[in-house]
Every structure is written in C-alpha cells, then in structure tokens.
Amino acid sequence: ELKVEQNPLFLSMQEGKNYTIYCNYSTTSDRLYWYRQDPGKSLESLFVLLSNGAVKQEGRLMASLDTKARLSTLHITAAVHDLSATYFCAVGANAGGTSYGKLTFGQGTILTVHP
Amino acid sequence: KAGVTQTPRYLIKTRGQQVTLSCSPISGHRSVSWYQQTPGQGLQFLFEYFSETQRNKGNFPGRFSGRQFSNSRSEMNVSTLELGDSALYLCASSGNQNRNIQYFGAGTRLSVL
C-alpha cells in the first residue's frame, strides 16, 4: 500500500526566510503533485512532476522530484504572508496503468508566515 | 472554459439519512475522481470513473457508491449516514489531452447531525 509522508506538518516562518517541505513516499511512482489549500477552499494545483530530477518553479516556490530516493521537496524562498496555506503532496499510480485519477495524499503541511 | 462544478456546496443531514452529491467535470473531460477530506483522516480517495465505468475504488464501506453518466457527470451516494461521514467531498476531473493534470471542484461540505 502506497504511503505518503510530509514533514514538517506545521511550519511557522518569518517573512523573508527560506524553508523546505519534504514529501516521502513508499513505492515506485512517476507522478508527484503539489497542491495548495486555503481554509475552507478547494485544492489549487501548484506543480506536477513526472520524471526523476524534474524541477519546477513558480514565483517563490520551487518543487523537485527524486524518484530513486522517493522524495520530493517544496522549497519556499523569501516567504511572504500570502503563502500562508496548507500544502499537500500527492502521489499517483504509475502511468502504465489506468489509475490516473487515484492520488494518495500526504497529511498536509500547515504553513504560517509571520511579519 | 467552466471549471469542475459540484452541487450542492453545503448540506446538512441527520444520521441514518442518505445523500447524493453531484459533480460536473470540465467540458470534454471523461475521468472523474472523488475524495473525502476530514481533519482526522486527511484526503482519501473514494472512486474513479472513466466513460461510465468505475476504474478504482478506495477503502470505504459499501454505503459509499457512485456512478457516472454518459455526459461524464458523476454522482456519489452515501446511505445510512454516520456522524463520521461529515467531511468535505471533493471531485476532480482530467481530460485525455493531459491525463496527469487533475482539476478539483470547490467541494461539497456535508455535515451529519
């Protein structure tokens, strides 16, 4: 059974600082997703990582994937208050099958950015 | 292009009742997945449908069921509601052009009293 673990689960940051959220998963996969969720809202897609060594950046967020280590990271650079939200990683079944819609989510990291 | 539409947005039911939630995917998308989100269990996969066929089912009791219609709209049904079924139910759709990208709806928040 695929398990996905994020750490830390809670992250309190000062504006302007850098930090990294880690996402480990237990079985082979070639699809890794990062989502953002604001309180009471749905999931907003941030990144889709589909190959070993993939790196994607959008604004102050950068995500990477190491399929051999079964690890993805979400790096936050010079945090601002608007980044406060819950961040989820999710792992999909391998693309060779038909289970594109089945994602296994991590527990989520609650990020709070303080002035 | 319109996004994934879930109705209703909020629902209050009592224990023992049943409920039906609806999801209209993005136009042209044939794959629809459902997830349950609770504070205790997090986000858990319920089912996945493609072209009216259930392709995957998560680890939920038989009280949870779903279906997909020929226009790709999907419904999920929960019978004999329990307090623990209170959750945010999210639907996601993906298209053939890029099946790796899942678009989530705003969700239906179900409260069971």
Side-chain angles (χ1 to χ4, degrees), chain A residues 1-10 21 23 25 27 29-51 54 56 58 63 65 67 72 85-110, chain B residues 3-7 9-10 23 25-26 29-51 53-60 66 68 72 74 76 87-109 111:
Chain A
E1 182 192 342
L2 174 60
K3 292 191 188 304
V4 181
E5 291 191 355
Q6 287 181 236
N7 72 85
L9 299 185
F10 301 92
I21 300 171
C23 174
Y25 54 98
T27 61
S29 173
D30 52 9
R31 296 186 297 138
L32 192 295
Y33 301 79
W34 284 97
Y35 289 94
R36 168 182 171 145
Q37 187 176 41
D38 291 295
K41 305 286 187 181
S42 186
L43 297 172
E44 174 191 352
S45 178
L46 295 174
F47 302 106
V48 180
L49 304 169
L50 301 175
S51 60
K56 291 197 174 179
E58 181 73 35
L65 177 62
T67 57
S72 179
T86 300
Y87 292 84
F88 291 94
C89 67
V91 178
N94 276 344
T98 57
S99 304
Y100 281 84
K102 183 177 180 180
L103 301 182
T104 302
F105 283 82
Q107 311 96 308
T109 297
I110 300 175
Chain B
V4 178
T5 304
Q6 291 188 245
T7 56
R9 291 292 314 281
Y10 303 92
C23 172
I26 290 172
H29 285 191
R30 292 161 64 191
S31 175
V32 172
S33 299
W34 289 88
Y35 293 84
Q36 181 198 64
Q37 185 176 25
T38 59
Q41 300 298 318
L43 277 151
Q44 294 186 285
F45 171 79
L46 279 157
F47 346 86
E48 178 191 5
Y49 287 89
F50 181 81
S51 292
T53 301
Q54 186 181 86
R55 291 205 294 202
N56 276 291
K57 189 176 192 305
N59 198 18
F60 279 81
Q68 187 179 34
S72 295
S74 178
M76 67 163 280
L88 179 66
Y89 290 88
L90 292 166
C91 163
S93 75
S94 61
N96 286 345
Q97 294 294 333
N98 191 341
R99 299 168 72 182
N100 288 310
I101 301 201
Q102 307 247 343
Y103 298 86
F104 280 83
T108 294
R109 187 164 295 281
S111 297

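Order of the sequence lines fixes the chain letters, A, B, ..., with proteins taken first and strands second; residue numbering starts at 1 for each chain. All values reported here derive from a predicted model rather than from experimental measurement.
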Against chain A, label B:L88 side chain, backbone, both or neither, depending on which of its atoms sit under 4.5 Å from a heavy atom there.
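Contact with chain A: side chain only.
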
Given a strict heavy-atom distance threshold of 4.5 Å, which part of B:L90 is in contact with chain A: side chain, backbone, both, or neither?
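Contact with chain A: side chain only.
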
Using side-chain hydrogen bond (donor to acceptor under 3.5 Å, both in side chains) as the criterion, list what pairs up with A:Y35, not counting sequence neighbours.
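For A:Y35, no residue satisfies side-chain hydrogen bond (donor to acceptor under 3.5 Å, both in side chains) once neighbours in sequence are set aside.
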
Going by side-chain hydrogen bond (donor to acceptor under 3.5 Å, both in side chains), name the residues that satisfy it together with B:S51, two or more places apart in sequence or in a different chain.
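If we apply the side-chain hydrogen bond (donor to acceptor under 3.5 Å, both in side chains) test to B:S51, skipping adjacent residues, the hits are B:R30.
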
Spacing of CD belonging to B:Q37 relative to CG belonging to A:L43, to within rounding of 0.5 Å:
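The CD atom of B:Q37 sits 6.5 Å away from the CG atom of A:L43.
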
How far does CG of A:L103 sit from CZ of B:F104, to the nearest 0.5 angstrom?
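Here the interatomic distance stands at 6.0 Å.
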
Counting only heavy atoms closer than 4.5 Å, note whether A:E1 contacts chain B via side chain, backbone, both or neither.
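Neither; nothing under 4.5 Å.
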
Above 12 or not: heavy atoms from other molecules or residues under 6.0 Å from CD of B:Q54?
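Atom CD in B:Q54 is crowded, with more than 12 foreign heavy atoms closer than 6.0 Å.
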
Does A:K102 offer a backbone N or O that forms a donor-acceptor pair with the side chain of B:S33 under 3.5 Å?
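Checked: no pair found.
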
For the interface with chain A, which of B:G107, B:G58, B:S93, B:G105 has the highest count of heavy-atom pairs at distances below 4.5 Å?
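The residue among B:G107, B:G58, B:S93, B:G105 with the greatest pair count is B:G105.
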
Could you tell me which non-hydrogen atom of A:S42 sits nearest to which non-hydrogen atom of B:A106, and how far apart they are?
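Closest pair (atom of A:S42, atom of B:A106, distance): CB-CA, 3.7 Å.
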
